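This report refers to the structure that appears directly beneath it.
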Amino acid sequence: MRKPIKVEEAIQSVMKWPLTGEKEFVSIENSYNRVLAEDLLATTDVPWFKRSPYDGYAIVAASTQQANSEYPIFLEVLGTIGAGFTWDAELQPHQAVKIMTGAAIPEGATAVIMVELTKEVIKDGKTYVQIKRKVKDGENIVEIGEDMQKDEVLVKKGTSINPGVMATLATFGYKTVAVMKKPTVAIIATGSELLEVDDPLEKGKIRNSNAYMLKAQILRAGGEPIYYRLVKDDFEETFLAVKQAIEQADIVITTGGVSVGDFDYIPKVYEKLGATLLFNKIAMRPGSVTSGALLNEKVIFGLSGNPSACYVGFELFVRPYLKAMLGQENIYLKKAQAILEKDFLKANPFTRFVRAKTTFDGNELHVEPVGKDKSNIVSSLIDANCFIVLPGGSRGFEKGLKVDILLIEDEGAPIWDEHITDSRLPR
Ligand SMILES: Nc1nc2c(c(=O)[nH]1)N[C@H]1C(S)=C(S)[C@@H](COP(=O)(O)OP(=O)(O)OC[C@H]3O[C@@H](n4cnc5c(N)ncnc54)[C@H](O)[C@@H]3O)O[C@H]1N2
Ligand code: MOO
Ligand SMILES: [Mg+2]
């Protein structure tokens, strides 16, 4: 008899053994979605020179002291600079340089006035800019270091490279980036009933869908599915596949063959390998047979063969382990609360993770189970973007209750609908 342990105990027993990830260098072009292996520091001030935020005139603010709409002042315009160009002479009072957004502020200039507030006049062959208001010192000047300051830690290692991090890397000239190596994850699908994806159906057989599902889950979590094999329900074959995989990959996942059937060989494989069993029964549904074992400080995850159970097992146990290897902080699925939109009246002797779809009405989250809830179901995974967590020992949950959900994926909205609202007004 197997003794079920709590979900959190299973998570803890796995998370005691995170491998230390390694780093590697990739080109900035290939760094999107990778995880930073080193803190990202500002190597210069940004901007590193004063620049204009507007198209206008660089001036000495003091020259405008007396300006007002009745008595405008006139400054001589010495020339024009666009972004990327500099003005080499020092600007004197009563002089101006026409300047474009992004151009370096000339030496001596202390403010910029927007072009809309001025008028150019030509007198005796000279160009003057007419100014009708007092301009303050420092007005419309982007100061050195306004954006980022030299030596400032901008992004912590363990952060996933998003478009903003990408822009920051480029700002400081990182042609190559130190990122965490993607943990390699071997997938071994077990089962004599399994066909390859391009095999025609035969009596009693099904196509191996778990391996492809796991590949996608591994990629989504930031790992590298490197190796994948399909083995028959044969002890030797399964044993050799796992033994080889553990030498080649950082993490090994098997699917199927983990329960109490005559041909479920995974428990015996652990034994022969001399692996330490971490758990072989968890008080959860689906995936109660999910097993974990430790060999050479590497965790082998024995996920259920049933597709939905396999999926849940990955997200709850493999995902955080993989993300910990990547040095990430937020390794667990994000928890939220949502209003249950349909009765879920099944009793829950064990904690249940119901595949569900959550939607946001602009105000609150709502959630509805995606349908067929048995663990042998594939189709309910199509629309699932979260799990509803129903604690063990509960009788079922009625529509309208607030329930905990774990978010897996987030999609956009189908229409632009009241995307801009004033939160101060009643709705
Ligand atoms: N007497 C008992 N029988 C079962 C129990 C139990 O407690 N006592 N638990 C049931 C539960 S719950 C689950 S979940 C499954 C777990 O079984 P295994 O992990 O050993 O997986 P298999 O028996 O190999 O396969 C189960 C099911 O999944 C299909 N499968 C397997 N691999 C794949 C794949 N790669 N792609 C698609 N489908 C796959 C397989 O054909 C079976 O239908 O055990 C119950 N039995
Ligand atoms: O382990 Mo099974 O998926 O609980 O149904
Ligand atoms: Mg079985």
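None of these values were measured; they are calculated from a predicted model. Only heavy atoms go into these numbers, but all of them, side chains included; no hydrogens, no water, no symmetry mates.
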Determine whether Asp45 and Met148 satisfy the following criterion, side chain to side chain contact (heavy atoms under 4.5 Å, CB included), listing intermediate values before the conclusion. CA-CA 6 Å; Asp45 288 323; Met148 302 179 255; over 6 Å; no

Interatomic spacing from [atom1] in [X] to [atom2] in [Y] - rounded to 0.5 Å:
X: Glu202; Y: Arg207; atom1: CD; atom2: CZ; result: 10.0 Å
X: Ser288; Y: Asn280; atom1: OG; atom2: CG; result: 10.5 Å
X: Thr255; Y: Leu230; atom1: OG1; atom2: CG; result: 8.5 Å
X: Ile218; Y: Met213; atom1: CD1; atom2: CE; result: 10.0 Å
X: Thr86; Y: Ile105; atom1: OG1; atom2: CD1; result: 12.5 Å

Check this for me: [X], atom [atom1], are more than 12 non-hydrogen atoms of other residues, nucleotides or ligands nearer than 6.0 Å?
X: Asn162; atom1: CG; value: yes
X: Lys232; atom1: NZ; value: no
X: Phe172; atom1: CZ; value: yes

Which residue is it: Arg34, Lys181, Lys182? I am looking for the one with a salt bridge (charged side-chain N to carboxylate O under 4.0 Å, His left out) to Glu24. Arg34

Using only atom types and a distance under 3.5 Å, with no angle test, would you say the side chain of [X] pairs donor to acceptor with the backbone of [Y]?
X: Asn296; Y: Lys298; result: no
X: Ser304; Y: Asn306; result: yes
X: Glu237; Y: Asp234; result: no
X: Asp147; Y: Pro47; result: no
X: Asn140; Y: Ala111; result: no
X: Tyr311; Y: Val378; result: no
X: Thr110; Y: Asp137; result: no
X: Asn30; Y: Ser27; result: no

Could you check whether any side-chain heavy atom of [X] comes within less than 4.5 Å of a side-chain heavy atom of [Y], counting everything from C-beta outward?
X: Ile388; Y: Phe353; result: no
X: Val115; Y: Tyr57; result: yes
X: Gln217; Y: Glu315; result: yes
X: Gln12; Y: Lys6; result: no
X: Thr64; Y: Arg133; result: no
X: Tyr270; Y: Ser291; result: yes
X: Thr359; Y: Glu341; result: no
X: Arg220; Y: Phe314; result: no

Take Leu273 and Ile300 through the side chain to side chain contact (heavy atoms under 4.5 Å, CB included) test and state the conclusion after the steps. CA-CA 11 Å; Leu273 283 169; Ile300 312 170; 4.2 Å; yes

When the ring planes of Phe279 and Phe317 are compared, do they come out parallel, tilted or perpendicular, using 30° and 60° as the limits? tilted

Mind checking whether Tyr265 and Phe263 have parallel, tilted or perpendicular rings, split at 30° and 60°?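 Aromatic pair Tyr265/Phe263 classed perpendicular.
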
Any salt bridge between Glu236 and Lys272, counting N to O under 4.0 Å? yes

Is the shortest side-chain N to carboxylate O distance from Glu29 to Lys175 below 4.0 Å? yes

Could you go step by step and tell me if Gln95 and Val60 meet the side chain to side chain contact (heavy atoms under 4.5 Å, CB included) rule? CA-CA 7 Å; Gln95 295 181 336; Val60 179; over 6 Å; no

Does Glu364 form a side chain to side chain contact (heavy atoms under 4.5 Å, CB included) with Lys402? I'd like the steps, not just the answer. CA-CA 10 Å; Glu364 281 178 307; Lys402 261 208 168 157; 3.8 Å; yes

